[in-house]
Amino acid sequence: MAMLAEGCADFIRNKHLQALLHCICGGITDPHPAVRNAALFALGQFSEHLQPDISKYHADLLPLLFDYLSKASQTADEKPKGITKTYYALEMFCENLGNDLLPYLPTLMERLLLTLQNSSSVHVKELAISAIGATANAAKEHMLPFFGAVMEQLKVYLTSSFDSGDALILQVQSIDTLGVLARTLGQENFLPLAEESLQLGLKLMKDIDDPDLRRCTYGLFASLSSVLKENMAAHLPTITKVMINSIKSTEGVVAHYNKDETSALALFDDESSEDIEDSDEENDTDEEDIQGYSVENAYLEEKEDACNSLGEIASNTGTAFLPHLEECFQEVFRLLDYPAANVRKAAITTTGQLCCTLCKALPGNNDNDASALSKVLDQTLPLFVHIINTETDRTVVMATLETLKEMLSGVGVAMVTEQGNLSSITSSIRNVLQGKTACQDQDEDDEDDEDGDQAELDAMLIECAGDLIPGLAQALGGQIFAPYFAGALPLLLTRTKKSCTAAEKSFAVGMLAETVVALKESVQPFIPHLMPVFLRMIQEEDEEVRSNAVFGIGVLTEHGKEQIFQHYPTILQALSGVIAKEEDRRVMDNVCGSVCRLIMTNPSLVPLDQVVPTLLQYLPLEEDLEENLTVYRCVAHLYQANQTTVMQSLPQLLTVFGKVLTLPDITQDLQVILVGLVKSISQHQADIFNAVVSSIPQEIAQILSQAAIS
């Protein structure tokens, strides 16, 4: 069951999640320890691979985990396997809960801190420190009340120098968790400790020669860069120097000779070993006896984390990083063909981040700036395209595609001003969608793959390639990109056939909808191809497919304009059918967004007296809050037009506005619209406003009153 979670995630989520969780909960309370351990492992796997669906069951699962954690902690010394599985399940589940964890936060932190205080087991303490980091990832600034108590427990490991042994294990884990706290508590909250933490990291690296300690310290520096930003400039010469040393280091590399009784560790692909051996064929004859090379995992992880941290520091420090960028770029670039896949992935990601940093940090108002950016892009992009087409490791290709997407966002149109770069990138996307890349040609070799995860990886690979399509359209503009979209469109449409999986349909419909948004008015020639697909997909069994299709209909209407007017009756009838039987709130939120786009595009074609009352029934939105801006922009338009239903529903709408204004992640554009509506109602419908404010909960009433006078 645990193994199925990764390879069959969509199938379990859609059909069997509740039933399987019932079995797992029964296993956790089973009297036999082997069954309990297997159930805990399964829960960890489910928590890792079945998000966000599994998080909905937190009320059932967390009390069960807490209860088991208390019992397992008491026997941890005698039964370490059980406690390891317990913490694995707890971490995986809590890390993805977000605000849903908050009601359980005091209980969880009390148990973790008690474990740190009372346990005599190094392994248990290590697990507890790691779990605090996972909890911080979910709770973020809500961890602040526990910060002092956590630091009190960690400081004994953070402030001492341990050369080896159990204490060093706890020190490494403590530094990792300190880095998580720096990221999650918020810049203002952690800033007083940032300089002290940075000096601590530098001192530990100077005092202790250990790859694991260096690795976690690099992660700490990356976390601190998100707090200090440009103020980290004075320390960048020292930090970049030690990181470059790790990137260049050959420490931990071991040569294995033919006369050895044991063979070389098969850490790298055969071709990688051959590359190393063949590069120096003319050297001493002794090298002819070398069978291969291996690298200790700790040194590989150090090199990987040095790369990842360097890229993040560059992104966070911006202009302050410019004096170090050229050297860092050159050294990281050399790792793009490193034998170990994880190091290659880190080098790819960091190369992209350095390109983005250069673009943002340079003023860009002279030929020298443009030339410097062009130089690194001309080095990077052809090699990235080559990696996509020829790399045999799917995860490396996925990292390359994801990095290209980030570069499109960070560098923009400068990435594809060269026609050759644009053509080669779009060609590589088509190759992935058609299954023509080298990593997709490995399927025959992978027939006996025991993990059974190649199909899942291949689907993820195709999604990564598809994500580039709307990004390119956004960067280039619809008019320029439209011919390239025409080439990719048939490859996306083939994934909406009846025989395709729900995941394939969801991906294809989502990509088509996002590309419509990026193409804007240039989407009009594609309406005959897209509208039938969207209308057909809203009938699908899978709610994510329906949600994406409804969104697609809305944005196609918005940007299709006059070309869509003839389709209004069909669209309204289709959306009415969805409303009549839909139970999923995300789908309904997207229906609200699509209806509002129909109204805003041509209100004369919408029976407002019938449609608006239904729309208002579903406010506020609950799941897809990204549609809030569209919905309340439409409500503001109807209010300004004195639409009858809206004017009659002002008391209800004021309460809705107050609730939306309390959202933690409300955008400035949405806030401006809502505050404008509240002010106008308070001035022109004062009796209604005052009556509402006096009858609703004080928190919402206060928000509305403040908005009215702002």
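Keep in mind the model is a prediction, meaning the values are calculated, not measured.
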Worked check of side chain to side chain contact (heavy atoms under 4.5 Å, CB included) between Asp176 and Arg215: CA-CA 9 Å; Asp176 272 336; Arg215 172 195 59 75; 3.7 Å; yes
Answer yes or no: is there a donor N or O on one side and an acceptor on the other, between the side chain of [X] and the main chain of [Y], under 3.5 Å?
X      : Y      : value
Ser428 : Ile425 : yes
Glu540 : Met537 : no
Thr349 : Ala346 : no
Glu504 : Thr501 : yes
Glu304 : Val343 : no
Thr426 : Leu422 : yes
Asn548 : Ser506 : yes
Lys303 : Ile247 : yes
Ser547 : Glu544 : no
Ser246 : Glu302 : no

Exercise: identify the closest heavy-atom pair between [X] and [Y]:
X      : Y      : result
Phe321 : Cys328 : CZ-SG, 3.8 Å
Thr496 : Arg536 : O-NH1, 2.9 Å
Gln440 : Asn431 : OE1-O, 3.7 Å
Tyr632 : Leu621 : OH-N, 4.3 Å
Val432 : Ala465 : CG1-CB, 3.6 Å
Ala194 : Leu228 : CB-CD2, 3.8 Å

Report the relative orientation of the aromatic rings in Phe221 and Tyr218; use parallel for angles under 30°, tilted for 30 to 60°, perpendicular for over 60°. tilted
Looking at [atom1] of [X] and [atom2] of [Y], how far apart are the two atoms once the value is rounded to the nearest 0.5 Å?
X      : Y      : atom1 : atom2 : answer
Leu310 : Asp305 : CG    : CG    : 12.0 Å
Leu373 : Lys360 : CG    : NZ    : 12.5 Å
Asn628 : Glu626 : CG    : CD    : 10.0 Å
Lys140 : Leu181 : NZ    : CG    : 12.0 Å
Met232 : Leu198 : CE    : CG    : 4.5 Å
Ile313 : Leu354 : CD1   : CG    : 11.0 Å

Counting only heavy atoms not in [X], do more than 12 sit closer than 6.0 Å to its [atom1] atom?
X      : atom1 : answer
Glu326 : CD    : no
Gln434 : CD    : yes
Lys248 : NZ    : no
Glu521 : CD    : yes

Testing the 3.5 Å rule here: is there a donor-acceptor pair between the side chains of [X] and [Y]?
X      : Y      : result
Glu627 : Thr630 : no
Gln51  : Ser55  : yes
Ser226 : Asn316 : no

When you compare the side chain of [Y] with that of [X], does any pair of heavy atoms fall below 4.5 Å?
X      : Y      : value
Arg394 : Cys439 : yes
Lys345 : Thr395 : yes
Phe485 : Leu512 : yes
Phe190 : Ser223 : no
Leu404 : Ile388 : yes
His559 : Val516 : yes
Thr380 : Phe329 : yes
Ile429 : Ile469 : yes

Might you work through the side chain to side chain contact (heavy atoms under 4.5 Å, CB included) test for Leu556 and Met531, ending with a clear yes or no? CA-CA 8 Å; Leu556 193 61; Met531 183 57 74; 3.6 Å; yes
Is there a side chain to side chain contact (heavy atoms under 4.5 Å, CB included) between Leu383 and Thr351 once you walk through the steps? CA-CA 11 Å; Leu383 185 52; Thr351 299; over 6 Å; no
SB check Glu402 Lys405 (cutoff 4.0 Å): no
List the steps, then state whether side chain to side chain contact (heavy atoms under 4.5 Å, CB included) holds for Asn342 with Leu300. CA-CA 8 Å; Asn342 283 346; Leu300 281 178; over 6 Å; no
